[in-house]
Structure formats: C-alpha cells, structure tokens
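In what follows, every heavy atom counts, from backbone to side chain, and hydrogens, waters and symmetry copies are set aside. The sequence lines fix the lettering, A, B, ..., with proteins before strands; numbering per chain opens at 1.
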Amino acid sequence: MIKDYFVDSIEKAIQEAINADKLGEMKEYKSGTLAVERPKNPDFGDFAINVSSLAKYARMAPPQIANTILEYVDKADNEYTVIGGFINFKTGKTLLKEAIKEIFVKDKNYGKPENVKTEKILLEYVSANPTGPFHIGHGRWAAMGSVLANLLKFYGHDVYQEFYINDAGSQIQKLGKSLAIRIRQELGEDVDFPTDEIERKNYYPGDYLIPVAKKYLETHKGLPEDIQELCDFAKAYEEKVQRDLLEKFRVHFDNFYSELTLHKSGKVEACVEKLKKSGKIYQKDGADWFRSSDYGDDQDRVIKKADGSNTYLTADIAYHIDKLERGFDRLINIWGADHHGYVARVKASIEALGYDPNKLEVLLGQLVNLVVNGNEVRMGKRKNMVTLEDLIDEVGVDATRFWMSMRNIDTTLDFDIELAKTNSDENPVFYVQYAHARACSILRNAIEEKINSETGEKTPAPMSEDELNKLIKSYDSETILPTIETAKKLILKLEEFKSMIKTSAETRQVYTICRYVQELASEFHSFYNSNRVICEDKQLMNARIALIVAVKKVLNNALDILGVTAPERM
RNA sequence: GUGCUUGUAGCUCAGUUGGAUAGAGCGUUUCCCUCCGAAGGAAAAGGCCGUGCGUUCGAAUCGCAUCAAGCACACCA
C-alpha cells in the first residue's frame, strides 16, 4: 500500500537519523508510533505524517525534526515536502502505475490483505423467533451480517454463518393458540383475539396467520386434538417463509441451529450441572441463581425457575458453550441494541465455565426507523407492521441491502422508502450502479463500429475486441502512463480500496464499504467528465481504457462484498 | 433511578490511536452536452462540532458535569 510505503520510508529515515545521532536526544524509535493522515489541503500532498509527537523525545522543534528526517529519506520518484511539523508526500509515477498493475494482476483478489492473522469465526445473526414474518429491523441484521460475512471471508477468515432458531419456549405456544383462532375463523366461527390489552399479549393477532390457517385446512378437516400439532405446523410454516426470504435477500446461512434440539441433546442440562459444580449457583426463592455479578454483570440471574424449567438465558449459555466447543477462535454475534443488557451475563457464563469471554464479540446494532414521505413511521408491535418482504418488493434487493448497510452500526438507521426507490442521484445505490454501467458502456463503445443514422456512413470501431482483450489479459504496467497525471486522484482512490477493506474488516464496520464505493463512483464520474476516453491518440485511449477496466474491477469486488449487483446496462 | 448508544451545515451522515483552514451527499443558487450514458460534472452559499468546566503545545475526538433523543433494566423469549 502506498500509505505503508510512505510510512516505511519515513521510519527507515528516522532510524538512520538516530544512528547518525542527528535527532537530538531521541535514541530509539518504535515502529508504528507515527500515523499517516490525509492532508486537509490537497495541494500539500496525497498523504502526510505529523512528526510533532517526536518533539518531546528529541527535544527539537517539529519543523527541524521533519527536515532532519527528510535528509535520510530514499525519495525515489516521489515528492516529500515539509510544512511545519508535517512531512507531506506526493505519490510518484512508479507507485501509481504499479497500483494499477496490481489491480489487473490480482483481479478478483485485489484488496485481499496479505500477512494478516486469520481466524475461524462463527458469525451469528438474525436469529429470529419462527413466529412470524421478518420485520424491517431484521433486515438490517440480515444485510449487515451477510455483508460482514462476505467481508471477513474476503479478508481471509474462515467464516461460518449461523442462525439460531428460537423454537423453544412460550412464544411457540402463543403461536399455536393464535393459529387455532384463525382456523376457527376460517371455519366460520365467531371468535376473535381478546380485546383486553394484557390478554392480547398472549397471542399474535397479525393477519399473517390467516394464510397459514387456510393452508392447514387444505390437509386437515378441523382443529387437532392436541394444540401442539398447530404449534409445530405454524412453526414449520414460518421457518420456511423466513428461509425463503433470506435466500431472496442473498443471505446464506451455513447452519440453522434449533434451540429445541439443544434442549433435547441434554446440553442445556449438562451446562447447568457444570455451573453447579463450579459453585457459582445458589438457591433463592425456590429458583437457582447464577452468580453472574462475580463476573461483571450488574446482578445475578435465574438459571432455573421455581417451577423447574430453564430460562432463556440457560439455553443461550449452553448455545454459546456449544459454539466454543465446536472449535471456533471467535464468536461474533449481531444483536439489536434492545438486547444489550444480555452481553454481560452471557460473557459471565462463558468465563464461569472456564472459557475466554474475549472470544465473544457482540456487535450491538441500533434500530431502524422507517421514513415515509419525510415522516418517521414508528415500528409498532402490531399495527402498521411493514415486513422486510414488503420492503424488498417495494425497493428491490440491491437498494435494501445497500441502505441497510450504509450506516454506522451505532446509529439508528432512517430508511427512506421513497428515496431508496428513486433512480436519481439522490439514491446512492443508483449513483454507484450507474458508474459501473457507464464504465461498461464505454468499453462497449470502444469495440463497436458506429453507423450514422442519416448518411448510413460507417465509422470503424476505435479498437478491435482482440486489442481490448489483449490490453486486459496481458496488461503492461506502462500502458497507464499517458493518463497518469490527470487520473491521479482516481488511481489513489482505487488504491485506497486495500486499506479500506482492512480497516472495515478489522473494525467490523461494513458501512465504510458503502462510503468507499460512492467516493470511487464520484471520482470516476469526475474523471469521465474531464477526459474523453475514446479519442484519436491511441496511446492515450489505451491508457484511459485500462483505467476504466481497473475501475470496473474494483467496483465489482466492492459490490460483490455488499451483495449488490453491478449492472452492465441500466 | 441505573446502564448502553447517539447529539457535527436546512436534511441524512463522515471525520481512522488527539493535529494543518471541520468534510461528503441531498436540498438551494449559478454554469457545463453538434462528441463515450446530463440517471453525470464544475462552482457558490451554508457551522458557538448540544452546553459548561477540565486535561495539554493542540480537543469534534480524552475526562467530569449537564441538557436532549433512542433502547434496556423479568423466575418473557
């Protein structure tokens, strides 16, 4: 990376300056203490390092330090200048042309970091109850999770995506009871859900169970003897609906882990026993309590209720232990911010059972607001529920994935349906896809002969298909030289893809990819407007065509990670 | 009441271990197609970085306090 090249050159120079005893009282330098930044004023250079922080060690004025260091720098064809305590760097042609060459050589793997520590990661996300359709909030976790999975894989990690099905517990009984009411309604009975607020909470009164009731009656005459049959039927139905939608949304899990099978396997009981043996369990009011406060939780938690049944937490502990026992180096969970109180207790249990709690990384995501016509629509529990499927049908998979990924996970996301639907520059998805389509269009024009519609006169194609293929397949790093000055900003942006991927993966923040792709599109559009790609000067045209190909490749790699299509035409 | 997250341009948001004149997009205003996709581009205007103290050469960034918004505080899942 150019940034790294710059730092290395400076760090080497510092070492040499120290060896020559020129840096005052500074006798040693630890690599990595200086950071590269982007100069505020682009005239200063492409990158900058502020050496002011060395002043206290060297006991010299920052500009003096900078100038001293500069004497020892191997400058090659790059330009180094000092302003105040800053050493500014302007990238020379060699690095720029090598940057383009790298894109051609690495192609699909361009941007994959080298020499990084990779891990075996279990990424758990969505993990919804199978009691109804996904709402818009689930869409954020689905999109971010699958983008993160793509990103971490691209980084080099071994990623296993898992969906934990909360298919045990009282909500399934609620589901069965609710389906029974819908079935009786279908059979013509005059029944309805309770109107009493509190009573109503024991049911799912949404319309979505009506088709399930119809489906049930296709193969059954009436209500079954045992309500459990309805629970199972509805659960299986909703699970299927959820899985189908995930596929449609380009979200692919390696495994769906059923809470019920966890209970049946005896792993939950085993976990409770193990906790008891560790002496971290005590009895109070007829229930078993886990001393989670010994591990940083703000209070102890019930692990077995007075009626003898386990709590949700108990199963969750067993689930996390099971994940660790399956040999993963790291567990990453994406949870809604409404579950943040849960992190401490799960970590506490992991520690109490003798595992490293730092292996669990919980990404807490803030919630989603739906904006319609500029007004925020509150996500009520019952009324006005907009499902993820409705949203996808309305704005499409590409726009939904992009919008759900484009914000920092720590901020609530406003999803503006109208904006996401528009095909204009207000919509970042279209802006980016348009850039790709435009690049493709130029490449098409390069190898097409033109026919004048009035005169019928033919103009030969600017280059043959063979020439284009040769340019791409056996790319020569000198090709780019004629356009290297005018395309400098664009080339640097292309090169930035590598460092962007690295920080994005390491900070688990996928929105940086969305931002990058918009910036790259912007640089490309800007280049396009001031440089005519197809032109008389053959060398220049080849250079610009090569650049367009490079842009297309990088856009493709970025959009692949986002799971957004890169259309050839729009 | 306690904890977590967030307060930056009219709106939606960036701001990478504290550093140069706080940056984008949208919106507003002005310009750019006889020529590769104007679904583009160039430029202008627009800021007490919620507020107040503190830490230091230096703060949007760190600390304390305070105000505001969202979320969570079950023997529910």
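The residue A:Ala437 sits close to a base: some heavy atom pair falls under 4.0 Å. Among the atoms of the strands shown, base atoms are found under 4.0 Å from some heavy atom of A:Arg569. Across all strands shown, A:Asn88 has heavy atoms under 4.0 Å from base atoms, whether or not it also approaches the sugar-phosphate. Counting any heavy atom pair closer than 4.0 Å across all strands shown, A:Asp307 reaches no nucleic acid atom. Counting non-hydrogen atoms under 4.0 angstrom, A:Ala306 reaches a base of the nucleic acid. Within 4.0 Å (heavy atoms only), A:Asp167 reaches no atom of the nucleic acid at all. If you check every strand for non-hydrogen atoms under 4.0 Å, A:Met570 touches a base. When heavy atoms are screened at a 4.0 angstrom cut-off, A:Asp410 is found touching the sugar-phosphate backbone but no base atom.
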List the atom pairs, donor and acceptor, that lie under 3.5 Å between side-chain atoms in residues 490-499 of chain A and the rest of the protein, sequence neighbours left out.
residue  : atom : partner  : partner atom : Å
A:Lys493 : NZ   : A:Glu496 : OE1          : 3.0
A:Lys493 : NZ   : A:Glu519 : OE1          : 2.9
A:Glu495 : OE2  : A:Ile2   : N            : 2.9
A:Glu495 : OE2  : A:Lys498 : NZ           : 3.3
A:Lys498 : NZ   : A:Glu102 : OE1          : 2.8
A:Ser499 : OG   : A:Glu496 : O            : 3.2

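Counting non-hydrogen atoms of other residues, nucleotides and ligands closer than 6.0 Å to OH of A:Tyr57 gives a total of 12 or fewer. Counting heavy atoms of neighbouring residues, nucleotides and ligands inside a 6.0 Å radius, atom NZ of A:Lys538 exceeds 12 of them. Around the CD atom of A:Glu536, the shell of radius 6.0 Å holds no more than 12 heavy atoms that belong to other residues, nucleotides or ligands.
Comparing B:G37, B:A72, B:U5 against the side chain of A:Gln366 picks out B:U5 as the nearest. Residue A:Tyr342 has its side chain nearest to B:A77 when only B:G40, B:A14, B:A77 are considered. Minimum atom distance to the side chain of A:Arg438 is reached by B:G40, of the listed B:C36, B:C71, B:G40. Set against B:A77, B:C75, B:A20, the side chain of A:Phe44 has B:A20 as its closest nucleotide. Of the listed nucleotides (B:U5, B:A20, B:A14), B:A20 has the atom at the smallest distance from the side chain of A:Ala48. In the set B:G41, B:C36, B:A14, the nucleotide with an atom closest to the side chain of A:Tyr511 is B:A14. Among B:G19, B:C75, B:A20, the nucleotide with an atom closest to any side-chain atom of A:Ser53 is B:G19. Taking only side-chain atoms of A:Ser441, from C-beta outward, the nucleotide of B:C73, B:G37, B:G40 with the closest atom is B:G37. Candidate nucleotides B:A77, B:G41, B:G37 were compared by shortest atom distance to the side chain of A:His525, and B:G41 ranks first. The A:Arg532 side chain lies nearest to B:C36 when the options are B:C36, B:A77, B:C75.
Residue A:Tyr431 has a polar side-chain atom (N or O) positioned under 4.0 Å from OP1 or OP2 of B:G41. Applying the 4.0 Å criterion to OP1 and OP2 of B:A42, one finds that A:Ser526 has a side-chain N or O inside that range. Residue A:Asn445 places at least one side-chain N or O under 4.0 Å from the OP1 or OP2 atom of B:G37. Close to B:A74, at under 4.0 Å from its OP1 or OP2, lies no side-chain N or O of A:Tyr312.
With a 3.5 Å ceiling on both atom-pair distances, B:A9 lacks any Watson-Crick or G-U wobble partner. Searching all strands for a Watson-Crick or G-U wobble partner of B:G3 with both distances below 3.5 Å returns B:C71. In this structure, B:G19 and B:C57 make a Watson-Crick or G-U wobble pair, each of the two defining distances being under 3.5 angstrom. Summarising the base pairing, B:C36 is matched to no nucleotide, lacking a Watson-Crick or G-U wobble pair whose two defining distances lie under 3.5 Å. Nucleotide B:C64 is matched to B:G52 when pairs are restricted to Watson-Crick or G-U wobble geometry with both distances under 3.5 angstrom. Base pairing of B:A45: no nucleotide in any strand meets the Watson-Crick or G-U wobble criterion (both distances under 3.5 Å).
Atom name P, nucleotides B:C62 and B:A24: the rounded distance is 23 Å, in whole Å. Rounded to whole Å, the separation between the C1' atoms of B:G37 and B:C11 comes to 29 Å. Comparing the P positions of B:U61 and B:A9 gives an interatomic distance of 15 Å, to the nearest angstrom. Between the P atoms of B:A43 and B:G23, the separation comes to 15 Å (whole Å). For the P atom pair drawn from B:A38 and B:G19, the interatomic distance equals 40 Å after rounding to whole Å. With C1' as the reference atom, B:G50 and B:U6 are 11 Å apart, rounded to whole Å. B:U29 and B:A65 have their C1' atoms separated by 44 Å, given to the nearest Å.
What separates CD of A:Gln518 from P of B:G40 is a distance of 12 Å, to the nearest Å. Straight-line distance from the CG atom of A:Asp300 to the C1' atom of B:C75: 13 Å, rounded to whole Å. If you measure from atom OH of A:Tyr516 to atom P of B:G15, you get 17 Å, rounded to the nearest angstrom. In this structure, CG of A:Asp338 is placed 14 Å from P of B:A74, rounded to the nearest angstrom. Atom pair A:Trp141:CH2 and B:C71:P shows a separation of 13 Å (rounding to whole Å applied).
Partners of A:Asp307 by side-chain contact (heavy atoms from CB on, under 4.5 Å), not counting sequence neighbours, listed by chain and number: A:Lys305, A:Ser309.
Using a cut-off of 4.0 Å between Lys/Arg side-chain N and Asp/Glu carboxylate O, A:Lys488 and A:Asp46 are scored as salt-bridged. Salt bridge annotation for A:Glu239-A:Lys235: absent, with no cationic side-chain nitrogen under 4.0 angstrom from a carboxylate oxygen.
Taking the ring centroids of A:His436 and A:Phe524, they lie at or beyond the 6.0 Å cut-off. Aromatic pair A:Tyr164/A:Tyr319: ring centres closer than 6.0 Å. Aromatic pair A:Phe415/A:Trp403: ring centres closer than 6.0 Å.
More than 90° away from 0 lies the glycosidic angle of B:C49, which makes this nucleotide anti.
Applying the 3.5 Å distance criterion, the base of B:A77 shares no donor-acceptor pair with the side chain of A:Asn310. At a cut-off of 3.5 angstrom, the base of B:G3 holds no donor-acceptor pair with the side chain of A:Asp298.
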Protein-nucleotides 10-12 of chain B N/O pairs closer than 3.5 Å?
residue : atom : partner  : partner atom : Å
B:U12   : O2'  : A:Arg407 : NH2          : 2.6

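Applying salt bridge (charged side-chain N to carboxylate O under 4.0 Å, His left out) to A:Asp288 and the options A:Lys304, A:Lys276, A:Arg301, A:Lys280 leaves one that passes, A:Lys276.
By the 5.5 Å and 30° criteria, A:Tyr434 is not stacked with the base of B:G40. In this pair, A:Phe86 lays its aromatic ring flat on the base of B:A20, centres within 5.5 Å and planes under 30 degrees apart.
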Quiz item: Given A:Ser31 and A:Glu11, is the side-chain hydrogen bond (donor to acceptor under 3.5 Å, both in side chains) satisfied, shown in steps?
Solution: CA-CA 7 Å; A:Ser31 174; A:Glu11 290 191 334; 2.9 Å; yes
